[in-house]
Amino acid sequence: MLGIMMDKQLNIADILEYAAQYNTDAEIVTRQVEGGIHRYDYRSALRRTKQLANALQSLGVEQGDRIATLAWNTYRHFEIYYAVSGMGAVTHTINPRLFAEQIIYIINHAEDKYIFVDLTFVPLLEAIKDHIPVVKGFVVMTDKAHMPTSSLPNLMCYEDLIAPHSEDFAWPEFDEKTAAGLCYTSGTTGHPKGVMYSHRSTVIHAVSACRSSALNLGPLSRVLPVVPMFHVCAWGIPYSSPIAGSSIIFPGAGMDGASLYELIDTEKASALLGVPTVWLGLLNYIESINGNLDSVENVVIGGSAAPRSMMEKFQDVYGVFPIHAWGMTEMSPMGSLCAKTPYLMAADKEARARVQSKQGRAVFGVEMKIVDDQDQALPHDGKTFGKLMVRGPWVASGYYKNDDRSAFRDGWFDTGDVSTIDADGYMQIVDRSKDVIKSGGEWISSIELENHAVGHKAVAEACVVGIAHPKWDERPLLLIVRKPDADCSKEDIIGFLDDKVAKWWIPDDVVFVDSLPHTATGKLLKTEVRAKFERHYLE
Ligand code: AMP
């Protein structure tokens, strides 16, 4: 028997329609790429979004077409998200930090019809324009006064493009499984792979993300997504904030500590979201000026493991609750997080740190299990490591125009992460499966070693890799970037780790370096480090 309920299909455009009608107190603030602050409300955003949808139609954009962006977090990028997906086309966000060859590959693979580009990235496109013949034209996300002279063919100005068009647009109705957004994952090997979100997956994810047991967004929240809109849709904030009625503060191109601090301070941001490296920059800056984070309630830390020292600084020094979160491009991205619980709020410092160092409990909508090499389920005892598998309505079921189905098995997705899950449901990432160190038949977590190492006062960044060893298969090697003007020796670091991990986990060597290589999404590029130090323990 079927339920007798309406079959209204979920549609991204309905989010903005709702916010424009009911969330009239909220504002969207942007630090503009051209300089200065822009602010308006959801109602104005909807009007301009409809102008843009009409403009896209006049350019011949049809349902299913891929329309790309190379852009920072701004109100114009927000308008593109809604206009493109709302009219039935696909918003394809390109990560400008990828190598030129990867960007060329992605644009051709997605067959992008038009590209919307921020002023910053015009030179990047000029350099590759001869390799992307699929693209019919380029729209610079600015006004006439700031239009650059450029060699890009069929160049348009955003404000000029939308200005002549009507503020009325009837969003078409279509199946909620229709493609809405496309984001490529930047693995460390092989070509990037496209994850194709649907209207259904995006809306359900956004509704789930804003709940108080998740990102805790509401009408009083002033959300600052530092995580870029070109990386998993800024963790869904452009969709979940309008649903929750929250204000959004878009940081534009200013991701450094000083720019972020100024925005947090003047705009009274209450919820921050970003990766650990961004927070390191912010915390260092605040320390240097003796600043505070008085307006901030929560900081969501994800994308890489949040070091204990960072969470303690937010919590104990600045009174900000850190929400350690885990997810991935293939998961829209939200998977699990450490929300406030009665236990956590009453726990002493040690007990709280034990919980918060974990990547948290699955949010409703995501199922998790850990399995062995034969895909057999392993116990949730907080000790047994296994491959982390997930499923749910906002988890990818395959890659776009890609036959590789090795990660999709029996209705589950193999995340490529190795983790434990404890009896209370807290998941803890041990490592990426390709980064875990196999020493004498046992596993060592490179992430745990790194987290301990960055707790040393002289350490700015740490990286641990498994290096081939004549006796033990692999042994850990620790690379350290020291803080400016700080000093420490190998013996200091080894001594510091001594009471924190098992003896056999202690790295055999420590190498001090000036910097470490990162991927386009800010993660340590361990393939490069491993290749460089390949023979370190053999010679
Ligand atoms: P991406 O698809 O680029 O967002 O990368 C997803 C991957 O980042 C995950 O599979 C994890 O390996 C890693 N990751 C994300 N969040 C965390 C976290 N809180 N702790 C450790 N690793 C994380």
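All values reported here derive from a predicted model rather than from experimental measurement. Whatever order the structure lists them in is the order used to number ligands and atoms, beginning at 1.
If you check which protein heavy atom lies closest to atom 13 (C) of ligand 1, you get Gly303 O, 3.5 Å. Looking only at heavy atoms of the protein, atom 7 (C) of ligand 1 is closest to Lys523 CE, 3.9 Å. Asp417 OD2, 3.2 Å is the protein heavy atom nearest to atom 11 (C) of ligand 1.
Counting only distance, with no hydrogens or angles, the side chain of Lys483 and the backbone of Lys457 share a donor-acceptor pair below 3.5 Å. With hydrogens and angles disregarded, no donor-acceptor distance shorter than 3.5 Å links the side chain of Arg482 to the backbone of Val459.
Considering backbone and side-chain atoms together, Thr415 places no N or O closer than 3.5 Å to any N or O of ligand 1. For a threshold of 3.5 Å applied to N or O pairs, the pair formed by Ala305 and ligand 1 contains at least one separation below that value. The shortest N or O to N or O distance between Met328 and ligand 1 is not below 3.5 Å. Ligand 1 has no nitrogen or oxygen under 3.5 angstrom from a nitrogen or oxygen of Val232. Considering backbone and side-chain N/O atoms, Glu330 never comes within less than 3.5 Å of an N/O atom of ligand 1.
Distances shorter than 4.0 angstrom occur between a heavy atom of Gly327 and an atom of ligand 1. Contact annotation: Ser304 has at least one heavy atom less than 4.0 Å from an atom of ligand 1.
Taking the six-membered ring wherever Trp is involved, the centroid distance between the rings of Tyr184 and Tyr400 does not fall below 6.0 Å. In this structure, Phe121 has its ring center closer than 6.0 angstrom to the ring center of Trp72. For Tyr399 and Phe408, the gap between ring centers is short of 6.0 Å.
Counting heavy atoms closer than 4.0 Å to ligand 1, residue Ala325 contributes backbone atoms (N, CA, C, O) but none from C-beta onward. Neither the backbone nor the side chain of Pro333 has a heavy atom within less than 4.0 Å of ligand 1.
Contact atoms of ligand 1 toward Thr329: 1 (P), 2 (O), 3 (O), 4 (O) (distance under 4.0 Å to a heavy atom of the residue). Ligand-side atoms of ligand 1 in range of His231: 1 (P), 3 (O), 4 (O), range being under 4.0 angstrom from any heavy atom. Close approach of ligand 1 to Trp326 (heavy-atom distance below 4.0 Å) involves ligand atoms 9 (C), 11 (C), 14 (N), 15 (C), 16 (N), 17 (C), 23 (C). In summary, the atoms of ligand 1 found under 4.0 Å from a heavy atom of Arg432, numbered by their order in the structure, are 9 (C), 10 (O), 12 (O).
Glu450 has a carboxylate O that lies under 4.0 Å from a charged side-chain N of Lys526, or vice versa, which qualifies the two as a salt bridge. Residues Lys434 and Asp417 are not paired through a salt bridge, judged by the lack of any N-O separation under 4.0 Å between the basic side chain and the carboxylate.
Between Arg308 atom CZ and His324 atom NE2 the span is 13.5 Å, to the nearest 0.5 Å.
Annotation: side chain of Arg475 is not in contact with side chain of Ile467 (no heavy-atom distance under 4.5 Å).
Ring geometry, Tyr82 versus Phe78: the interplanar angle falls from 30° to 60°, so the pair is classed tilted. Classified by interplanar angle (parallel below 30°, tilted 30° to 60°, perpendicular above 60°), the ring pair Trp279/Phe314 is perpendicular.
Summarising the contacts of atom 20 (N) of ligand 1 with Met427, Lys358, Met331, Gln359, the nearest heavy atom is found in Gln359.
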